[in-house]
Each structure stands twice: as structure tokens, then as C-alpha cells.
Number of protein chains: 2
Amino acid sequence: MPTMADVAKQAGVSKMTVSRVLAGRDVAATTRARVLAVIEQMGYVPDASAGSLSSGRSPFIVALVPSMSSSNFSDTIHGLNAAVNTHGLQLLLGDTDYSPDQEERLLRVMLAHRPEGVMLTGSYHTSGTRTMLDRAKVPVVETWDLPRTPIHQAVGFSNVEAAFAMMRHLHERGYRRIGFVGGATRLDRRGLDRQKGYREGLQTLGLGAPRVIEYGESPITMSHGGEAFTQLLAAWPDTDAVMCVSDMSAFGVLMECHRRGIAVPSRMAVAGFGDFEVSRHCFPRISTVSVDPLAIGRIAGEMLLAAADARKHGAPAQTQRRAIDFQVIVREST
Amino acid sequence: MPTMADVAKQAGVSKMTVSRVLAGRDVAATTRARVLAVIEQMGYVPDASAGSLSSGRSPFIVALVPSMSSSNFSDTIHGLNAAVNTHGLQLLLGDTDYSPDQEERLLRVMLAHRPEGVMLTGSYHTSGTRTMLDRAKVPVVETWDLPRTPIHQAVGFSNVEAAFAMMRHLHERGYRRIGFVGGATRLDRRGLDRQKGYREGLQTLGLGAPRVIEYGESPITMSHGGEAFTQLLAAWPDTDAVMCVSDMSAFGVLMECHRRGIAVPSRMAVAGFGDFEVSRHCFPRISTVSVDPLAIGRIAGEMLLAAADARKHGAPAQTQRRAIDFQVIVREST
DNA sequence: TTGAAAGCGCTACCAT
DNA sequence: ATGGTAGCGCTTTCAA
């Protein structure tokens, strides 16, 4: 592989001139053209490790999500990527599988690349994670939640409030025997917060005892929804509405209703969460809580860019919480 | 940030001993314990750039897919990640947005990290991409297709044959006026190959002129499917079966049938491609072509690991094509 | 506008 | 089992 020195010799200039050409700094037009021609002809590709080591700057942003196959999080990643790409930054992606320990493990490895910023999902992290982040002095943005005291910055919404809003909608529609279908893992905090919003809704609206089925590992699938609904019906046959932890399970519930000949919404209302594509297209279309995952990613990226820039100029890390709107979308299933 | 030298001094050993502890090489147990304690106490995190520069090895595998939000590709990435993670390798992910030019651009940036291997999607690449890959002497695996002459290795299946198999199924079921619903972009080669399989099916089975609607940018969505189906009906009202480029569009078609009161499959058969979750759960369940995206990723990872290992020992790049089975899954929609 | 030298933090190599 | 030295390929800094 040719190095910068090879290019320099071939072009009859010093390494520094080649470096300046690559960085887009002031170089005489004729010299620049000659250097670029040599680079092209030799197929020279700069070595990023050497560059990082020398400059003390890295081209990476770390992004850790519970699951990359969930459309929610892949949209957020897309938004983040779009925001930071324009500044020449690369994503270093990791999949925590909803485990804070896995998050810590991934972070440890990734911090070795001295990233310019870190995007995390949620606000529940191990103390090891917090310590590492603190020592690395890297800007951090937590997403998909609004912690009272973020590490540095946060962009998201209260899952409790969002679920509560859906409960209010169901109550207004006249449903009184409302069940909740969620996952069985204690690690999916956003799912647990939604369940909490459901419970607070019951209490505030005076709707009696909770009817909760916790079933399936996150990310929750359509199958989980259908099977959880079966359990819900067995336990509380007179249920008249189901609130689901995600649109995936809501679709599963809807199909199970179909199979059993349960009319939706006249005999059973079904509510989802997340406004996934399928909810807009199925029949009947599913009422849900809409958030903007792309915006969460984009804003997280902008926050990280600003913080990285501030850090370069020696400014201390700022604390900031940015709320993202959510909205109850009423469709035919409620 | 503490460096290895700081750790060494604090522990009263040389940098090399610290390096060996980190690499898990032979070090006296007492020394190792002392070094590890210092590392823990100082919060030392090794600098990956320095390590790579010095060792000439990188911890990266590059993976380029058309779209990360498509469940197909995110499953493949998952499989790849699982395979290479165990060997301490990190994915450097990129989203080409179905554009070979974007693929070339991303690859140029990513090759700067001197990856141990590269996973590409499909077999259609710019000459710039091929040249770069060739000069970088990095092992390459192409996925989701079976090119006659792969760059090095390939793992996938013939999209033409897979679509043809579905056509044979539709023919056996008695459908004779079969339409095809796909995307409008010329860049999604796998989509085009499926259309080719459809056309070959028509010809071989003696089914008359093609009824093709090309509509929507990849990745194809449920909306695209529904709208394309509307166009198909307008152009060829007597169509009795629709073959779709993906399960996403098939679901859109199915819902459009529902809206129009078109009975499936008695009045209109609907076939998908990819065996997405929704096809197994909707009503009627959609017949589709099942592939194993996870296995594609896993096998690509294994190939890359083997090739990277071989390269370390000076072996030349091998050529290999590995076929992945596909299967027509017959459900209620045909 | 360009160049020379120093050094970033680590590992390979050879010693001991 | 452990240490010293050299050097990976680049950018920073200073000088011309």
C-alpha cells in the first residue's frame, strides 16, 4: 500500500503538501492538481489510524441501541447518521440487546476509538458505563427518554406520559375494562414506562385493577402480541380494550381477534405504540402513539456535533433536555 | 487520558508487559494482577488507533447494505455481526441507498480504516469500487446474489430462479393472468432479477405478455404495493394473480384488495418475497419465497474470517460461491 | 506557499 | 518472564 511519503516523492513535494491537499488547505493550484493526479494514479488511500493518532481526533460517533432491527431505532440511527455524515463523521454502531451490561461491554471497546460523541438509548446505565463516560470526557446524548438528570444531554419524551395519553383517549371513547400487553423482560425500561403510564391511567381515571400480561423478550414481535392477548382473554374475558407496548404486538392482537372472530373495535379496541408502517395499512387501521424517531436521531446528532465543537474549544459539557412531541393518532381500531 | 506508559510506570513494569497483559499473552500471574489493578484504578482504555498503526491490523469489518431499515438486510447484518464479534471484530456499517456511486464513496472512506474484510450487497459495483478493492487486497464477500464471477467470494441465491420458482407455483395453482409489482428504480438489481424471473416464468409457462408495474423507490413499502396494484388493475383488469417484489408490497396489495372487496385468493392471488414477519401473521397469510438472511450474514462472516486468516499467512484470495437455499412457502393468499 | 523535524501511543522484534 | 528500541503513517509546529 502506498503511503503519503510515496505520493510526496512521486509528486516531487513534501509529505506536508500532500497532507494539506487532502485536508483542503491552501496549496498552489498547480501543485494541488499534480498531487491529486499522483494520488489517483497510485490509488493512494490515507491511513485513518495514523491520522487519528497524530491529530488526536477521531472520525467516529458511537451509537448504541437495544436492537437494530426495530424500525424505531433504525430510523433514529438513520437520522443520526444523516446529521453527522455531513461533518465527515462515521457511526460506530452497537446492539445492546436491551442489556445494560452489554451496553457497558460495547462501550468499553468502542471508547478505544476515542469517539467525538456517544449516543445511548434510554437513561438506565450501569455505574461502570457512567464512570467510563465521565473519564473519557466525551459528549453523551441519551435518547428515547427524558431523564430528570441526564449524563449530559437528552432528547426524547416521557413514555409514561405518552402511554397515559393513550389511556385518556381510550377512556374518552368509553372503554372501561382495559388490559395491557407488554414484554416479560425487566430490561426494556421504555416498555416498563409505558406500562406505568397504563397503570397511572387506570388509577387516575378510576378504572379498577390492572390487567397486565407480560410476555416475550424484547424486541416484542407480532407473535408475542397474539399469544399475550390469548392469555389476557383467558384471565379477564370481559376485557373491552387492549393497550399494547408496541404496534408490533398490537398487530398480533388484531390478527388474533380476526382469527377468533372478535370484532374490532366494537367488541375489542386495540391500541398500539410507535406508529409503525403496518398500523397505517392494516385493517382496521390501528390507533397508536406517534413519535418521530428520525427527529430523535437528527437532534441527537446536532447536539453531539455542537458539544464536540464546544469541547474542541475547551468548553465544559452542557446539560440539556430536549422534549420530542408525541401524539395520539386515532384510527379505526379504537 | 492515561496512556500505556502511565500504567506501566504506576505498576512498575515496562510498556511491553502492560501490552502483553492486555493481549492475554504469557505474563506472571502476580504481575498480571498488579497491572490489571492499575488499569482498573486509572480507568485506562487502550488507544485503538495507536494499536492499529503499530500492529498493521485493524479491528474492523466493513459491511455495506442498500438500506439498514429493511428487515432483510438488518438480519444479515445481525448474522454477520454475531459471526465476527467473537473474534473481536467491529462492524463499520454503511447504507448505500441502493446507489453504486454511494457504495463507492462509502467504501473509499472506510478503506482508510484498513478493514480485515468487506461485505457488499449484490454483485453490481462501479469500476472504481472494483479497483479500490483490488488495490486494497482486502477479502470481499458479495451477498444476496450469486454472480458468475464474484470479486472473491459470494453467498446468496439467484433472485431470478427464486422468482421463477414462485411463478411455477402460481401456474400450478391455475393462475394464468399474472401481474408483477416492483419498484421503479433501475438500481435495485435484486428487484430487477425477480422481475426477470417473473418474465422468464411467463415465457416458459406460456402465459402471454408481461403485466408489469414499476412504481416507487426502493426500499419498497406497503404504500408502494397498494398504489402499484391500483395501477395494475387499471391497466389489466382481468389479472388473477399478483407477484410482488417483496412482502412489503404484497401486504400493501392485500390491504388494497381488502379495501376494494376483492377476495383473496379466489378472485386475486397475492404472492410476496422474503418471508417477512407480517406475511406470517396477516389474514389471509401471504405465500412467499423464504430465504435465510441471518444465514447469509453468518456465512459471509465465516468466509471473511477465514479469508482474513489466510491473508495473514500470505495465502492468495480464493474464489468461492456459496448457494443459500430458498423455498416457496405456500400459505393462504395463493 | 512549502518543508523539516518531532512525536502521537502502541506493538514487533530482538535481547536478556 | 520481562525490557529496550525502533518505527508504524500521519499531523502539528515551527521555520524558511
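In the text below, chain A, chain B and the rest are named by the order of the sequence lines, each starting its count at 1.
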Whole-Å distance, A/Lys9 NZ to C/dT2 P, equals 20 Å
Rounded to the Å, how far apart are B/Arg25 CZ and D/dT2 C1'?
13 Å
So that I can tick it off, tell me whether A/Asp309 and A/Lys312 are bridged by a salt bridge, with the cut-off set at under 4.0 angstrom between side-chain N and carboxylate O.
yes
Check whether the ring centres of B/His78 and B/Phe73 lie less than 6.0 Å apart, and answer yes or no.
no
Rounded to whole Å, how long is the line connecting atom CE of A/Met16 with atom P of D/dA16?
17 Å
Closest listed nucleotide, where the reference is the side chain of A/Ser14 and the choices are D/dT2, C/dC10, C/dA4:
C/dA4
Check: B/His152/B/Glu142 side-chain N/O donor and acceptor closer than 3.5 Å:
no
Answer yes or no: does a side-chain N or O of B/Tyr44 lie under 4.0 Å from OP1 or OP2 of C/dG9?
no
Taken to the nearest whole Å, NZ/B/Lys15 to C1'/C/dT11 is 9 Å
Distance-only donor-acceptor test (3.5 Å): side chain A/Thr17, base C/dG3:
no
Strictly below 4.0 Å: does B/Ser54 bring a side-chain N or O up to OP1 or OP2 of C/dC10?
no
To the nearest Å, give me how far apart CG (B/Asp26) and C1' (D/dG3) are.
16 Å
Nearest whole Å is fine: how far is C/dG9 P from B/Asp47 CG?
7 Å
Tell me whether B/Gln320 at atom CD has more than 12 heavy atoms from other residues, nucleotides or ligands lying less than 6.0 Å away.
yes
May I ask you to say what B/Gly56 touches in the nucleic acid, namely base, sugar-phosphate or nothing, with a heavy-atom cut-off under 4.0 Å?
nothing
On a plain distance test, is the side chain of A/Arg20 in donor-acceptor contact with the base of C/dG3 below 3.5 Å?
yes
What's the CZ-C1' distance between A/Arg34 and C/dT2, to the nearest Å?
11 Å
Just to confirm, is there a sub-4.0 Å distance from OP1 or OP2 of D/dT11 to any side-chain nitrogen or oxygen of A/Ser19?
yes
If you measure only the distance, is there a donor-acceptor pair under 3.5 Å linking the side chains of A/Thr96 and A/Gln102?
no
Contact class for A/Thr31 vs. all strands (heavy atom < 4.0 Å): base, sugar-phosphate, or nothing?
sugar-phosphate
Could you tell me the separation between the CE atom of A/Met4 and the P atom of C/dG3, rounded to a whole number of Å?
13 Å
Checking only heavy atoms, does the side chain of A/Ser49 share a donor-acceptor pair with the base of D/dG9 at less than 3.5 Å?
no
Sugar-phosphate, base or nothing in reach of B/Arg57, heavy atoms under 4.0 Å
nothing
